[in-house]
Amino acid sequence: MSIRKNHRLSRRTVLRGLGGAAIALPLLDAMRSGSVLAANESPKRLIIMYTPNGTVPANFWPAGNGPNFELSPILTPLAAHKQDLLIIGGLDMMSSLKGPGDAHQKGTGSCLTGTPLLEGNFAGDGGQSAGWAGGISLDQAVANHVGKDTPFASLELGVAVQDPANVGARISYRGAGQPLPPENSPYAAYQRLFGDSIADPLAVERRAAKRRAVLDAVGDEHRALRDRLSGDDREKLHNHLTAIEEIRNRLDEGVISFGGECQPLDQGELLDPNLVTNMPIMGKLQMDLMAMAMACDITRVGTIMWTRSVANHVFSFVDPKITEGHHSIAHKGDEDAPKIAQNSAINAWYAEQLAYLITKLKAIPEGDGTVFDNTVILWTNEQAKGNNHSRYDMPYVLAGSAGGYFQTGRYLTRPDMPQVPHNKLLVSLLQAMGVETDSFGDPEFDTGPLSGLT
C-alpha cells in the first residue's frame, strides 16, 4: 500500500486494542520526515560516551595521519572498527578555560555544552567552587530537534557514577543550570522505558486509567478558569494546559509493541549497580539497553556516563595489579612507568567498551544496512592529560558516519591551527543530525563547523 505524499503519520500514533490499551506503532515510512521517502531511509542517531580523568596522550594518539594511520595502544581494541572511526586531534576545550570552578569541574560542565560554568557552591580543588554548566548540552539540542517523533526525546545512562548531584557527575543539560541526571541502574532504566510493556496488561491499563482521570479533571478545571481570564494570564494557563495534554498523551502511548529487532532484554541476575566490581556487567547492560532503545526507536539520542569527574574507582577487574584509584593513577608523573601503563590499560578498557557498543549496533539490521550505519558515537572526556589538567588537544573519537555524513577511517590533526575550539566539533555534530545552525555554546568560540570531517 502506498502512502500519499501529503499524508504523514506521527511516531506517536497508537493502535487501540482490547480494553482501550494503547500500543505504540513501530517505525513506519509514513512517520519519517519529508513527503517522498526512499525505501532505505532511516533515522539518524547520536550516542555520547563520556569517560573521566583524561588520557595518556603518548599512548592514545595514532601514528600517521589521514587514512594512513595506525591505532595506538589505547585504541587498539577498536581495530575491528578502524574504518568506522574518525579520530580528531588538535581541538582545545577553550570554553572551559573561562569562568569559575576547578579544572575537572570546568571540563565536565563544558564538554557537551561549550560554555563556562555558572557561579555556585560546588566545592572544588584549591578552595575553588562552581555551579552547573551555563548552557544546553549537545545531546539535548539534538533531542529538541529529533525527539518529537519518539516516546523518549533522549536517554541518559550512567555506570557507577555513584555521586550526589554536583557538576562533576552531570554532562547533559536542558539549558543553563538545568542538569539531567544519568540513571545508574540498568534495571531501573529498563523499567522506566519498558515497564508497561513487560507488566500485566490489565494492571497497566487500570493504573493508566487512574492517572488519566486525574489529569482530565485537572484539565477541566483549567479550562473553566481560562474562560475567566484574559491577556498574559490566559496565555500562561493555555501553555500549562498544553503541557498537561502532552503528559496525558504520553500515558496513552506507554506500551511498546515488541517485534522484529525490538525484543525484550534479558538482564540476568540482579546485581548492585553501585559496586565498582560490577562495572563490567553494569556497563554491558547499559549498552545493551541503549542499543535496544535505538532498535525499538524509543529514542534517537543517548548518553552513557562512565563514572564521573575525579572518580577514584579501583579498576582491579582490568588488571589485579591495579590497587589505586583511577583519579590518583591519572595524576602520576610521566616518569612513573608502571602507573602510566595502568592508566593506559584503564583507557584501553574503555575503548573495549566502545567497541562492544559498536558491535551491538552493527548487529541490528535496518533497511539495507544496520542501525550503526545511521549512527554517530562521540567518545569524549573532561581532560586531555590527567596529570596536568590540560584541556588542549582533547582526545576525541567519532565512531560511525551518521548515515554517510562523516568520512570515517581517518585520523585528523591540525598542528598548524592553534587553539581550535571544540565548539566547532559540537556544531558539526549538530549539523550531521539535521540541526541547521552555525553556532553552539559560548559565542566567543562558536565560529561554525569543523572543516574536513565530511
Side-chain angles (χ1 to χ4, degrees), residues 45-91 159 279-281 283-284 286-288 290-291 294 304 306 315 317-319 321-322 326 330 337 340-366 369-381 384-386 393-413 425 429 432 452-454:
R45 303 171 181 88
L46 170 69
I47 300 175
I48 296 166
M49 172 175 143
Y50 162 91
T51 61
N53 299 329
T55 189
V56 181
N59 292 331
F60 175 86
W61 296 112
N65 203 351
N68 302 313
F69 71 97
E70 296 180 7
L71 290 172
S72 62
I74 287 175
L75 298 180
T76 294
L78 290 159
H81 310 293
K82 181 180 177 183
Q83 294 307 310
D84 301 305
L85 304 179
L86 185 52
I87 303 162
I88 306 169
L91 300 186
V159 182
M279 274 184 65
I281 298 174
K284 281 186 170 55
Q286 295 287 49
M287 290 186 288
D288 289 346
M290 182 67 72
M294 299 296 168
I304 300 180
W306 290 86
F315 283 68
F317 52 82
V318 172
D319 183 345
K321 295 180 182 178
I322 298 177
H326 183 205
I340 293 298
Q342 291 180 0
N343 195 15
S344 297
I346 292 170
N347 279 277
W349 182 81
Y350 279 133
E352 288 180 22
Q353 309 317 301
L354 176 56
Y356 178 87
L357 178 58
I358 294 171
T359 300
K360 290 291 295 186
L361 295 173
K362 283 185 175 181
I364 305 172
E366 182 172 63
T370 71
V371 166
F372 179 74
D373 295 332
N374 304 299
T375 299
V376 59
I377 305 172
L378 168 65
W379 180 11
T380 187
N381 204 306
K385 194 168 186 285
D393 202 12
M394 291 290 295
Y396 292 120
V397 176
L398 297 185
S401 67
Y405 186 90
F406 293 113
Q407 183 183 348
T408 60
R410 297 182 296 153
Y411 165 42
L412 299 182
T413 186
L425 174 59
L429 287 163
L453 301 188
T454 60

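Since the structure is predicted, the reported quantities are computational estimates derived from the model, not experimental observations.
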Colleague: Can you pull out every salt bridge (Lys or Arg N to Asp or Glu O under 4.0 Å) where at least one residue sits in residues 347-361? Sequence neighbours excluded, please.
Modeller: D288-K360

Colleague: Return the minimal non-hydrogen interatomic distance between T375 and V371, and the atom names on each side.
Modeller: OG1-O, 2.8 Å

Colleague: With a 4.5 Å cut-off on side-chain heavy atoms, are I340 and N59 touching?
Modeller: yes

Colleague: One pair to check against side chain to side chain contact (heavy atoms under 4.5 Å, CB included): L429 and L398. What are the steps and the verdict?
Modeller: CA-CA 10 Å; L429 287 163; L398 297 185; 4.0 Å; yes

Colleague: Kindly compute the distance separating NZ (K385) from OG1 (T55), expressed to the nearest 0.5 Å.
Modeller: 10.5 Å

Colleague: Could you tell me the separation between the CD1 atom of I346 and the NE2 atom of H326, rounded to the nearest 0.5 Å?
Modeller: 4.5 Å

Colleague: Using the side chain to side chain contact (heavy atoms under 4.5 Å, CB included) rule, take N374 and R45 through it: C-alpha gap first, then chi angles, then the decisive distance, then the call.
Modeller: CA-CA 6 Å; N374 304 299; R45 303 171 181 88; 4.0 Å; yes

Colleague: What's the spacing between T454 OG1 and F406 CZ if we round to 0.5 Å?
Modeller: 8.0 Å

Colleague: Which pair of heavy atoms, one from L71 and one from L78, lies closest together, and at what distance?
Modeller: CD1-C, 4.0 Å

Colleague: Just wondering, do L85 and L75 contact through their side chains at under 4.5 Å, heavy atoms?
Modeller: no

Colleague: Tell me, do V159 and Q353 make a side-chain contact under 4.5 Å, heavy atoms counted?
Modeller: no

Colleague: Locate the shortest heavy-atom distance separating W61 from Y396; write the atom from each residue and the value.
Modeller: CH2-N, 4.3 Å

Colleague: State, with a plain yes or no, whether a side-chain heavy atom of I74 is found less than 4.5 Å away from one of S344.
Modeller: yes

Colleague: Under 3.5 Å, is there a donor-acceptor pair between the side chain of D393 and the main chain of G90?
Modeller: yes

Colleague: Quick one: list whatever passes side-chain contact (heavy atoms from CB on, under 4.5 Å) with A384, sequence neighbours left out.
Modeller: S390, M394, P395

Colleague: Does N343 reach the side chain of N53, with side-chain heavy atoms less than 4.5 Å apart?
Modeller: no

Colleague: Any idea which heavy atoms bring D373 and T370 closest together, and the distance?
Modeller: OD2-N, 2.8 Å

Colleague: The criterion is salt bridge (Lys or Arg N to Asp or Glu O under 4.0 Å); which residues satisfy it with D84, sequence neighbours excluded?
Modeller: K362

Colleague: Let me confirm one number: the CD1-CG distance from I377 to L354, rounded to the nearest 0.5 Å.
Modeller: 5.5 Å

Colleague: Find the distance between OG1 (T359) and CZ (F372) and round it off to the nearest 0.5 Å.
Modeller: 9.0 Å

Colleague: With K82, which residues qualify under salt bridge (Lys or Arg N to Asp or Glu O under 4.0 Å), at least two apart?
Modeller: none

Colleague: Who passes ring pair (Phe, Tyr, Trp, His ring centres under 6.0 Å) against Y350, sequence neighbours left out?
Modeller: W306, F315

Colleague: So which heavy atom on A355 is nearest to which on H81, and how close?
Modeller: O-NE2, 3.5 Å

Colleague: Atom CG in L412, atom CG in N65: separation rounded to 0.5 Å?
Modeller: 6.5 Å

Colleague: Any side-chain heavy atom of I47 within less than 4.5 Å of one from M290?
Modeller: yes

Colleague: Residues in side chain to side chain donor-acceptor pair (under 3.5 Å) with T408, at least two apart?
Modeller: none

Colleague: Which heavy atom in N347 sits nearest to a heavy atom in W379, and how many Å separate them?
Modeller: O-CH2, 3.9 Å

